[in-house]
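In this chain, numbering begins with 1 at the start of the sequence shown.
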Amino acid sequence: MKELNTALIRFIEQQNVYNEAYGLFKDHDIRPLANPQAPVIDERIPLSPELIYFYSNYEMVDAKAEGTLKMKSAAVEIGDAALLFFVAPEHLYRQQLGYRWIGMQEPYQESPDWKLQHVVIANLNDDPLIVDTQAPQSPVYAAFAGGEPHPIARSFAEFFDVLAILIEAARVYEGEVKDEETYETKPEYLEHVIPLLREVLEEEEYVTHLLAYLSLQE
């Protein structure tokens with residue numbers, strides 16, 4: 001877990017610095033726990049060692065969800081370009097509805113098209129971010145525009161590495177990643193991050209799918 005721990009520390013640092021300067025939300029983020037604790041997760045949700053480590057050592061803070069029926073989640077901003085919501089572990093079952101479990105009301109049915117080892121841990125504009133809990137190191141996939149999941153990171157650690165890169169670069173541009181008139185991603189931002197993403201992800205298709213999922217590049 002050393003690589004994942006290092007990646008998470010870097011991600012938290014960049015998230016906090018960005019939020020302090022340009023963040024849109026208060027008390028709505030991912031934070032390290034003072035002491036590790038076993039997460040309360042529905043037994044039907046498969047977990048990988050990486051997800052167990054993540055949920056045992058970090059919490060999804062969502063002040064507005066406390067004491068309500070709202071699904072608790074943490075917001076992760078990538079400038080003005082993308083907003084990811086990471087669901088709290090106690091709500092992972094609800095996060096799978098519409099993906100693994102389908103139907104209008106309980107009892108929900110298992111989707112014949114969903115891989116049981118795929119767990120949706122976050123979403124962006126209702127497009128799921130998925131962890132393969134069966135494969136070594138927990139690869140990360142993203143599905144968008146109603147399509148099939150595409151790989152965006154070979155491991156959970158790599159995913160948080162690239163999130164840190166994207167957030168740090170957004171801070172360089174004072175949170176303004178998109179052109180105000182065209183709402184296209186600024187070319188200089190892409191020129192900044194793409195070489196760094198290639199260093200981490202190595203596979204060009206991973207970079208392409210990641211940028212497409214985050215609506216940074218078509």
Side-chain angles (χ1 to χ4, degrees), residues 7-34 54-55 57-92 94-95 98 120-131 140 142-145 152-153 156 158-194 196-197 200 207 209-218:
L8 282 165
I9 289 172
R10 183 186 176 198
F11 159 74
I12 293 295
E13 177 184 9
Q14 294 304 324
Q15 171 203 245
N16 292 350
V17 173
Y18 181 88
N19 286 348
E20 182 67 25
Y22 308 109
L24 299 176
F25 304 97
K26 183 179 180 181
D27 296 329
H28 195 18
D29 53 10
I30 300 176
R31 297 180 189 175
L33 291 164
F54 178 53
Y55 292 128
N57 290 277
Y58 292 85
E59 63 175 330
M60 313 301 119
V61 175
D62 187 351
K64 291 186 177 180
E66 295 295 340
T68 75
L69 296 177
K70 177 181 179 291
M71 189 160 64
K72 183 180 176 183
S73 62
V76 173
E77 298 176 58
I78 302 175
D80 58 358
L83 180 59
L84 284 158
F85 290 97
F86 285 77
V87 69
E90 61 267 31
H91 291 148
L92 277 173
R94 288 173 62 184
Q95 180 69 92
V120 180
I121 65 164
N123 64 79
L124 186 156
N125 297 328
D126 293 326
D127 290 330
L129 185 76
I130 303 159
V131 170
V140 180
F144 42 96
I152 61 172
F156 205 40
E158 278 189 0
F159 174 69
F160 280 102
D161 274 333
V162 298
L163 272 188
I165 287 169
L166 293 166
I167 294 169
E168 183 176 18
R171 184 164 53 85
V172 170
Y173 293 92
E174 299 182 340
E176 297 178 0
V177 172
K178 295 285 189 175
D179 183 279
E180 289 185 359
E181 295 183 359
T182 66
Y183 208 64
E184 297 291 329
T185 305
K186 293 179 179 179
E188 56 268 34
Y189 177 80
L190 291 174
E191 290 169 5
H192 182 140
V193 300
I194 287 177
L196 300 174
L197 296 176
V200 175
V207 176
H209 294 152
L210 175 68
L211 295 176
Y213 175 66
L214 298 173
S215 298
L216 291 169
Q217 192 176 59
E218 294 183 4

For Ala170 and Tyr189, which heavy atoms make the closest approach, and how far apart are they? N-CE1, 3.5 Å
Are the side chains of Leu163 and Gln15 in contact, using a 4.5 Å heavy-atom criterion? no
Side chains of Asp80 and Val177 in contact at under 4.5 Å (non-hydrogen atoms): yes
Is the shortest heavy-atom distance from the side chain of Leu166 to the side chain of Leu216 under 4.5 Å? yes
Between Asn57 and Leu33, is a side-chain contact (heavy atoms from CB on, under 4.5 Å) present by the stated rule, with each step listed? CA-CA 5 Å; Asn57 290 277; Leu33 291 164; 5.6 Å; no
Could you walk me through whether Leu129 and Tyr213 pass the side-chain contact (heavy atoms from CB on, under 4.5 Å) test, one step at a time? CA-CA 9 Å; Leu129 185 76; Tyr213 175 66; 3.7 Å; yes
Salt bridge check: are Glu191 and Lys186 linked by an N-O gap of less than 4.0 Å? no
Residue of the set Lys64, His91, His28 for which side chain to side chain contact (heavy atoms under 4.5 Å, CB included) holds with Lys72: His91
For Glu174, I'd like to know if atom CD has over 12 heavy atoms of other residues, nucleotides or ligands within 6.0 Å. no
Any side-chain heavy-atom pair from Phe25 and Asn19 closer than 4.5 angstrom? no
Please tell me if the side chains of Ile167 and Val76 come closer than 4.5 Å, counting only heavy atoms from C-beta onward. yes
Quick check: do Gln95 and Met71 have side-chain heavy atoms less than 4.5 Å from each other? yes
Taking side chain as C-beta onward, heavy atoms only, is Tyr22 less than 4.5 Å from Arg171? yes
side-chain contact (heavy atoms from CB on, under 4.5 Å) assessment of Leu197 paired with Leu211: CA-CA 10 Å; Leu197 296 176; Leu211 295 176; 3.9 Å; yes
What heavy-atom pair brings Ile30 and Ile12 nearest, and what distance separates the two atoms? O-CD1, 3.3 Å
Tell me the closest heavy-atom pair linking Lys178 and Ala81, and the distance in Å. CE-CB, 3.8 Å
Specify the closest pair of heavy atoms between Asp126 and Asn123, including all atoms of both residues, with the distance to one decimal. N-OD1, 3.9 Å
Taking atom NZ as the centre, does Lys70 end up with more than 12 heavy-atom neighbours from other residues, nucleotides or ligands that are less than 6.0 angstrom away? yes
Please report the shortest heavy-atom distance between Ala75 and Phe85, naming the atom on each side. CB-CE2, 3.8 Å
Run through Leu8, Asp161, Val131 and flag the one making a side chain to side chain contact (heavy atoms under 4.5 Å, CB included) with Phe156. Val131
One should read off an interatomic distance between Ile165 CD1 and Phe160 CZ, to the nearest 0.5 angstrom, of 13.5 Å
Any heavy-atom pair between the side chains of Thr185 and Glu218 that's under 4.5 Å? no
Shortest non-hydrogen separation from Met60 to Ser73 and the atoms involved: CB-C, 4.3 Å
If I take atom CD from residue Gln217 and atom CG from residue Leu190, how far apart are they, to the nearest 0.5 angstrom? 5.5 Å
